[in-house]
There are 2 protein chains.
Amino acid sequence: MATMQQVADRAGVSIATVSFVVNGTKYVTPATTDRVKAAMRELKFRGNVVARALASRRTRIIALLFPTTGNRFSPTTSEFFMSAAQRASERGYHLVLWPVDPAGDDLDDLVSGGLVDGVILMEVRMDDPRVAVLTDLEVPFTLIGRTRDSAGLPFVDIDFETTIVDSVDHLTALGHRRFGLVLEDIEGTPMAGYAPHLRAESTFRELVAERGLAGTVVYAGAGSEGGRGAAEALLTADPELSAVLVMKDDSAGGLLVGLFDAGRRVPEDVSVLSIASSAANADQHYPRLSTMLAPGRELGTRAADALIEQLDGTSADLPHFLLPCTLRTAESTAAAPAR
Amino acid sequence: MATMQQVADRAGVSIATVSFVVNGTKYVTPATTDRVKAAMRELKFRGNVVARALASRRTRIIALLFPTTGNRFSPTTSEFFMSAAQRASERGYHLVLWPVDPAGDDLDDLVSGGLVDGVILMEVRMDDPRVAVLTDLEVPFTLIGRTRDSAGLPFVDIDFETTIVDSVDHLTALGHRRFGLVLEDIEGTPMAGYAPHLRAESTFRELVAERGLAGTVVYAGAGSEGGRGAAEALLTADPELSAVLVMKDDSAGGLLVGLFDAGRRVPEDVSVLSIASSAANADQHYPRLSTMLAPGRELGTRAADALIEQLDGTSADLPHFLLPCTLRTAESTAAAPAR
DNA sequence: GTGAAAGCGCTAACAG
DNA sequence: CTGTTAGCGCTTTCAC
């Protein structure tokens with residue numbers, strides 16, 4: 001592993017000059033630049049990231065924090081990760097996914113000492129303790145998600161409020177008046193207080209009350225079984241229900257089965273709409289599930305941009321970016337023959 | 001951010017002494033130790049990871065490389081990640097997931113300069129170029145997976161050969177003689193040469209030939225549609241087929257639908273067995289899919305152990321650890337009433 | 001048992 | 001335009 005000094009010696013220049021051509025920090029004559037570059041090539045110089053970080057107090061690495069416990073890695077999560085990573089890469093940064101305790105306890109040693117220039121938080125809870133830790137540590141950060149009071153925080157998030165309204169609007173236009181909402185049961189888990197659920201639920205409740213619609217909320221357990229249970233609970237609470245919003249990918253299949261078992265045909269008797277899910281997920285079902293697609297890639301990109309602009313000082317204002325899910329109905333692209 | 005020197009001043013000792021108590025490198029009197037620790041607490045000393053890394057040439061960070069393109073983040077992938085991270089944490093390391101070009105081109109600048117002490121490769125192809133790059137860089141690494149010739153490499157992997165044999169054994173015991181195998185179509189993608197597929201396929205072909213069984217292999221496209229197409233292709237090639245192995249989670253549902261549409265009842269007419277998948281995936285189906293469960297957590301743990309032992313010099317021998325998938329039938333735990 | 005001091009490899013003034 | 005040099009914060013001999 002060649003050092004910068006060795007390259008300098010080889011090229012017959014000073015170490016500073018090498019540094020300048022490596023970083024483009026200052027103008028260097030084409031002639032010397034060439035000599036330096038040749039030396040670098042010959043010595044296979046790669047540069048020591050750690051030394052550079054110590055001297056410059058920046059690593060050009062940003063971390064996306066992922067809770068070590070609780071939430072699984074959904075396709076949408078994956079979209080956040082991959083798109084943010086790609087954007088970071090385009091802007092000269094590296095993005096790594098860092099598993100961190102949801103309480104934020106092990107955050108200090110990681111982030112302090114300048115191992116990463118900034119972090120992106122995901123899977124945000126209403127009163128996420130990591131925000132306080134990060135603030136205290138004085139590490140630049142951006143949220144994918146929102147805490148209860150996020151006015152002073154930089155964030156990008158799905159606009160769950162609009163998404164729910166749009167969903168209900170869509171179904172109302174189809175003639176539905178009696179709704180159900182299926183959420184994950186996270187009470188008592190480390191992910192309790194998960195903001196998307198809470199926002200979806202309260203928006204839903206307010207909306208149905210406001211419009212004089214029927215609205216039943218149930219919390220489902222894991223997998224198909226949870227979905228079947230949800231169907232049963234829903235129909236017990238409101239046998240007349242005709243539209244269900246489901247925000248729980250792994251139970252969507254079970255929900256359909258449960259509705260079928262209860263003598264409801266989908267979509268003739270009951271419409272089912274998956275909320276904040278992904279195309280990959282919708283496509284696993286047959287007929288394909290109508291879905292409010294989460295704008296995962298767009299938000300991941302935006303989050304990376306927001307953080308990097310904060311780091312580079314490119315932009316001064318706090319990003320507050322909300323994007324609703326977009327409707328993709330089962331029919332719009334499904335080339336599926338009727339079963 | 002307090003520095004070690006500040007702590008030393010506060011405690012009235014030298015910086016070396018602080019270093020000794022922080023790292024436990026040398027014996028320090030309980031009395032001084034206490035003074036130092038008190039000073040650390042008062043100054044909220046956290047230590048600069050980067051400076052330590054530069055001086056000691058180790059970061060105690062290991063990276064799990066994830067291809068930026070091609071393969072999605074499956075539940076099994078997630079298990080590798082989370083379990084390896086947990087094990088690393090238990091052994092005093094941090095594990096991060098690093099998105100890297102599958103060709104290994106951007107590997108140099110990351111890994112050189114000692115940003116990470118070692119790496120774990122996943123999603124390994126038969127002739128994975130990353131292996132050469134890493135070898136060239138002299139970075140310690142371990143594979144989750146195997147290249148074509150992995151005798152000289154440290155690896156842990158699913159024992160696909162045994163898994164396929166066990167699967168066919170199981171189904172043969174149930175009376176099946178005519179098999180199908182559904183694989184993902186990755187020809188021409190960056191993940192072409194993905195080892196699990198190739199091993200599963202060749203083992204399957206050899207096995208059916210050897211035993212005089214019928215064996216049809218088809219490659220499926222994405223999602224439910226791909227699964228339905230696979231069912232059709234399978235039954236066209238062998239209308240008498242009665243057992244299908246499917247190694248493609250997102251198409252399993254579609255496969256069932258396709259079989260149903262073709263007038264085959266599952267499991268009465270055709271048995272379906274999902275290969276190297278996860279419980280979470282199996283549980284999304286109803287009735288639950290019989291599955292050869294991938295030992296994701298065990299392998300993730302083993303991979304972390306193998307790499308860390310290599311780094312710490314704890315163990316000298318090359319780990320070559322293979323673990324087959326374990327059968328979980330639809331009936332064994334499903335409390336589901338017949339539909 | 002504790003301290004002094006020489007780096008680790010690079011950045012960034014400041015001179016020239 | 002290029003070189004000198006003083007750190008960045010910590011580890012680690014080697015003395016005392």
Side-chain angles (χ1 to χ4, degrees), chain A residues 1-37 39-40 43-61 92 108-117 137, chain B residues 1-37 39-40 43-61 92 108-117 137:
Chain A
M1 192 79 289
T3 75
M4 199 173 249
Q5 183 62 62
Q6 293 173 326
V7 173
D9 294 346
R10 189 93 153 82
V13 298
S14 86
I15 184 177
T17 305
V18 178
S19 177
F20 296 151
V21 352
V22 167
N23 302 298
T25 322
K26 281 191 178 175
Y27 182 83
V28 176
T29 336
T32 25
T33 300
D34 288 348
R35 293 222 314 289
V36 171
K37 285 197 170 161
M40 297 202 309
L43 269 49
K44 292 191 181 158
F45 173 76
R46 301 189 207 277
N48 183 314
V49 192
V50 175
R52 172 207 290 248
L54 181 58
S56 67
R57 351 187 99 279
R58 42 186 303 159
T59 56
R60 299 193 76 85
I61 297 175
D108 339 20
D109 32 316
L110 299 182
V111 144
S112 59
L115 234 184
V116 299
D117 293 348
L137 253 30
Chain B
M1 190 81 287
T3 76
M4 199 172 249
Q5 183 62 63
Q6 294 173 324
V7 173
D9 294 347
R10 190 93 153 83
V13 297
S14 85
I15 185 178
T17 304
V18 178
S19 177
F20 296 152
V21 351
V22 167
N23 303 298
T25 323
K26 278 190 178 176
Y27 181 84
V28 176
T29 335
T32 28
T33 300
D34 288 349
R35 292 221 314 289
V36 170
K37 286 196 169 161
M40 296 202 311
L43 270 48
K44 293 194 179 152
F45 174 74
R46 301 189 208 277
N48 184 313
V49 192
V50 175
R52 174 208 288 250
L54 180 58
S56 68
R57 10 307 308 297
R58 42 185 302 157
T59 56
R60 299 192 76 84
I61 296 175
D108 338 20
D109 32 315
L110 299 182
V111 144
S112 59
L115 233 186
V116 298
D117 293 348
L137 255 28

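In what follows, chains are A, B, ... by sequence order, proteins preceding strands, each numbered from 1.
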Contacts of B/N48 meeting side chain to side chain donor-acceptor pair (under 3.5 Å) (sequence neighbours excluded), chain-then-number -> none

B/T29 meets the side chain to side chain donor-acceptor pair (under 3.5 Å) criterion, sequence neighbours left out, with B/T32

Between the CG atom in A/L115 and the OG1 atom in B/T59, the distance rounded to the nearest 0.5 Å is 7.5 Å

Note: chain B reaches DNA chain C at heavy-atom distances under 4.0 Å over the stretch, first to last nt, 5' to 3', of C/dG1 to C/dG9

Contacts of B/A55 meeting side chain to side chain contact (heavy atoms under 4.5 Å, CB included) (sequence neighbours excluded), chain-then-number -> none

Here the pair of heavy atoms bringing B/A53 nearest to A/V50 is CB-CG1, 3.7 Å

Tightest non-hydrogen contact, residues B/R60 and B/D117, listed as N-OD2, 2.7 Å

Applying side chain to side chain contact (heavy atoms under 4.5 Å, CB included) to B/R57 and not counting sequence neighbours gives none

When B/S56 and A/A55 are each assigned the nearest nucleotide of DNA chain C, the 5'-most assignment goes to B/S56

Taken to the nearest 0.5 Å, the spacing of B/L54 CG from A/R52 CZ works out to 13.5 Å

Tightest non-hydrogen contact, residues A/A11 and A/V36, listed as CB-CA, 3.9 Å

Terminal axes of the helix from C/dG1-D/dC16 to C/dG16-D/dC1 (5 end pairs apiece), angle rounded to 10 degrees, sit apart by 30°

Bounded by its outermost nucleotides with an atom under 4.0 Å from a heavy atom of chain A, the footprint on DNA chain D reads D/dC1 to D/dG9

Sorted by chain and residue number, the side chain to side chain donor-acceptor pair (under 3.5 Å) partners of B/T3 (sequence neighbours excluded) come out as none

Note: contacts of residues 25-36 of chain B with DNA chain D (heavy atom, under 4.0 Å) are B/K26

Using a 4.0 Å heavy-atom cut-off across all strands, classify B/V13 as base, sugar-phosphate, or nothing. sugar-phosphate

Residues passing the side chain to side chain contact (heavy atoms under 4.5 Å, CB included) test with A/L43, sequence neighbours excluded, are A/A2, A/Q6, A/V7, A/R10

Applied to residues 12-31 of chain A, the salt bridge (Lys or Arg N to Asp or Glu O under 4.0 Å) test, sequence neighbours excluded, yields none

Applying side chain to side chain contact (heavy atoms under 4.5 Å, CB included) to A/D9 and not counting sequence neighbours gives A/Q5

